[in-house]
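I have placed the structure first, in the form of structure tokens, so that the comments after it can refer back to it.
Computed from a prediction, not measured in an experiment: that's the story for all the values here.
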Amino acid sequence: MLTAAIHTPANLESIVIEQRPEPSIKAGTVKVRWHALSLNFHDYAVASGMMPTEHGRIPMSDGAGEIIEVGEGVSEWQCGDRVMSLFFPDWHNGDPSQDNTSRIGGDSVDGCATEISITDPANLSRIPNNYSYTEAATLTCAALTAWRALVEVCNIKAGDSVLIEGSGGVSIFAVQLAKALGATVYATSSSEEKMERLKQLGADHVVNYRSDPLWGETIHHLSGGIDHVLDVGGGTTLEQSISAAKVNGNLVPIGILGGLEANINLTQWMLKQLRIRPIAVGSREMQNRMVDFLETADFKPIIDCCFELPQLAEAFHYQLSGQHLGKICINL
Ligand SMILES: NC(=O)c1ccc[n+]([C@@H]2O[C@H](COP(=O)([O-])OP(=O)(O)OC[C@H]3O[C@@H](n4cnc5c(N)ncnc54)[C@H](OP(=O)(O)O)[C@@H]3O)[C@@H](O)[C@H]2O)c1
């Protein structure tokens with residue numbers, strides 16, 4: 001079977017596409033044939049060596065495929081069931097803990113960049129019945145993060161205002177979801193072309209964060225203060241994210257695209273009295289709730305483009321270029 005593997009010291013040029021023997025099923029496990037994957041910044045961090053991993057690790061947290069064999073004693077899944085991976089294979093329900101979030105697919109355990117895997121049946125969730133494998137492969141990390149931020153943390157309702165930054169995988173899904181839930185969406189981008197696309201996807205107001213360095217203050221002025229702010233830039237965006245928020249609003253730190261260290265105005269930080277809840281993806285039960293919702297929603301994930309598995313390094317280079325809007329996928 002065709003498999004991608006990270007050889008250490010890791011960098012994008014050390015991703016190897018190789019043939020490996022198909023693994024055999026054991027009692028209590030299932031065999032999955034992966035059909036599609038999607039790229040996340042975290043996958044890039046592992047594949048590029050920014051985050052350490054083991055020699056030979058199979059990358060990619062997000063995969064969608066079908067069950068092709070069921071081990072003795074497994075009753076939850078049947079052959080032909082359409083499934084997707086979990087970002088944290090051990091976090092099934094309840095609160096996050098050190099134990100249930102210490103293993104991550106494609107990082108500390110093998111991921112989905114292979115034609116066939118043997119896995120614990122609890123490490124999968126069903127996919128929306130109206131989704132293709134490629135569409136479903138966009139959900140495990142980026143979409144679940146957007147879902148958790150808006151629905152599970154912020155408890156968003158129609159009429160609320162939301163600020164969503166940039167046009168990457170998490171942010172585009174968050175724009176679509178927030179619109180579907182009746183929110184007024186404020187968005188940012190560094191590109192005039194992408195600003196237009198964001199408006200077409202339902203963003204009500206879009207500000208260029210590159211030409212307007214005080215974009216958070218601008219958005220506060222336009223909105224009167226945002227109810228729910230999703231921060232994806234970290235170091236370069238946190239201060240403006242706080243500026244945009246209303247007093248007693250929600251701020252959900254999600255990403256670090258702008259760096260790991262932030263300078264923030266502590267007076268504003270205290271006087272705004274925000275509810276600040278950093279998150280890391282979500283649990284299997286949150287993923288299942290999202291799947292139930294998506295089966296009734298009238299939007300689908302935005303897929304920028306698709307590559308084949310042997311082009312995985314090329315796909316990461318494209319992600320790094322920042323040209324994409326939405327998700328970059330791999331078809332197997
Ligand atoms: N906490 C979690 O659970 C979780 C889950 C998934 C992802 N993340 C993190 O969230 C971030 C976004 O992930 P992603 O997969 O959506 O990434 P992505 O698809 O690579 O997003 C890239 C886009 O983000 C925007 N961007 C880049 N640098 C920015 C900056 N300094 N300020 C504002 N926007 C910036 C750009 O949009 P424009 O081109 O429109 O300017 C860029 O096209 C990453 O840091 C990732 O690690 C966290």
Side-chain angles (χ1 to χ4, degrees), residues 40-46 50-51 61-62 86-105 107-108 139-156 160-166 168-175 177-178 183 186-188 209 215-216 219 225-266 268-287 289-290:
N40 294 288
F41 184 79
H42 175 259
D43 302 306
Y44 165 74
V46 176
M50 204 186 287
M51 295 178 75
S61 61
D62 292 20
L86 305 183
F87 184 84
F88 293 115
D90 304 317
W91 185 14
H92 299 150
N93 44 47
D95 290 332
S97 67
Q98 183 68 38
D99 278 351
N100 65 22
T101 58
S102 61
R103 297 195 320 151
I104 297 174
D107 174 338
S108 41
L139 300 176
T140 294
C141 177
L144 182 58
T145 302
W147 167 268
R148 183 176 173 205
L150 290 171
V151 178
E152 312 258 348
V153 172
C154 296
N155 199 15
I156 186 174
D160 287 354
S161 56
V162 180
L163 168 59
I164 295 160
E165 301 165 7
V170 175
S171 301
I172 292 294
F173 192 86
V175 168
L177 181 58
Y186 293 77
T188 66
Y209 66 81
W215 48 269
I219 289 169
I226 298 285
D227 293 309
H228 316 298
V229 178
L230 275 50
D231 183 85
V232 300
T236 51
T237 54
L238 201 53
E239 182 164 41
Q240 287 303 306
S241 290
I242 295 167
S243 292
K246 75 169 194 187
V247 172
N248 203 33
N250 286 308
L251 170 62
V252 186
I254 288 175
I256 48 167
L257 288 167
L260 294 172
E261 287 177 16
N263 264 329
I264 55 169
N265 176 332
L266 289 175
Q268 176 171 249
W269 169 263
M270 278 176 279
L271 291 176
K272 286 263 171 126
Q273 304 182 63
L274 303 175
R275 284 182 293 273
I276 300 174
R277 175 54 155 122
I279 60 166
V281 198
S283 66
R284 186 192 201 208
E285 79 180 348
M286 293 174 195
Q287 190 157 304
R289 283 195 284 268
M290 175 181 73

Minimum side-chain heavy-atom gap Thr188-Leu163 below 4.5 Å: yes

- Message: Counting C-beta onward and ignoring hydrogens, is there a side-chain heavy-atom pair between Leu230 and Ser171 closer than 4.5 Å?
- Response: no

Taken to the nearest 0.5 Å, the spacing of Asn100 CG from Asp95 CG works out to 8.5 Å

Value for CG (Leu266) from CG (Leu271), rounded to nearest 0.5 Å, stands at 10.5 Å

- Query: Are Tyr44 and Met50 close enough that some pair of their side-chain heavy atoms sits under 4.5 Å apart?
  - Reply: yes

Heavy atoms of Leu150 and Ala174 approach each other most closely as CD1-O, 3.6 Å

Any donor-acceptor N/O pair, Asp43 side chain to Ser61 backbone, under 3.5 Å
yes

Give a yes or no answer on whether the side chain of Glu285 reaches the backbone of Gly94 with a donor-acceptor pair at less than 3.5 Å. yes

Residue pairs meeting salt bridge (charged side-chain N to carboxylate O under 4.0 Å, His left out), one or both in residues 243-258, sequence neighbours left out, come to Asp227-Lys246

Is there a side-chain contact between Gln240 and Tyr209 in this structure, where contact means two heavy atoms from C-beta onward sitting under 4.5 Å apart? no

Separation between CD1 (Ile242) and CE (Met270), nearest 0.5 Å, reads 11.0 Å

Sorted by chain and residue number, the side-chain contact (heavy atoms from CB on, under 4.5 Å) partners of Glu239 (sequence neighbours excluded) come out as Ile264, Asn265

From the list Asn250, Leu251, Asp160, side chain to side chain contact (heavy atoms under 4.5 Å, CB included) partner of Cys154 resolves to Asn250

Taking the side chain as C-beta and beyond, is there a heavy-atom pair between Ile104 and Phe88 under 4.5 Å?
-> yes

Output for pair (Glu261 CD, Ile256 CD1), nearest 0.5 Å, gives 12.0 Å

In short, Asn248 meets Leu274 closest at the heavy-atom pair N-CD2, 4.4 Å

With the side chain counted from C-beta on, respond yes when His92 and Leu86 share a heavy-atom pair under 4.5 Å apart, and no when they do not. yes

For Ala280 and Arg148 the tightest heavy-atom approach is O-NH1, 3.1 Å

Of all heavy-atom pairs linking Ala142 and Asp62, the shortest is N-OD2, 4.3 Å

Notebook entry, point to check: Hey, does Phe87 have a side-chain heavy atom less than 4.5 Å from the side chain of Gln287?
Noted result: no

Value for CG (Leu144) from OG (Ser283), rounded to nearest 0.5 Å, stands at 7.0 Å

What one should report as the nearest heavy-atom pair of Ser108 and Ser102 is OG-O, 3.4 Å

Sorted by chain and number, sequence neighbours left out, side-chain contact (heavy atoms from CB on, under 4.5 Å) with Ala143 holds for Leu139, Phe173, Met290

The reported gap from CD1 in Ile156 to OG in Ser161 (rounded to nearest 0.5 angstrom) is 9.0 Å

Is there side-chain contact between Ile276 and Trp269, with heavy atoms separated by less than 4.5 Å?
yes

Of Ile279, Val281, Asp231, the one forming a side chain to side chain contact (heavy atoms under 4.5 Å, CB included) with Ile254 is Ile279

Of all heavy-atom pairs linking Asn40 and Cys141, the shortest is ND2-CB, 3.5 Å

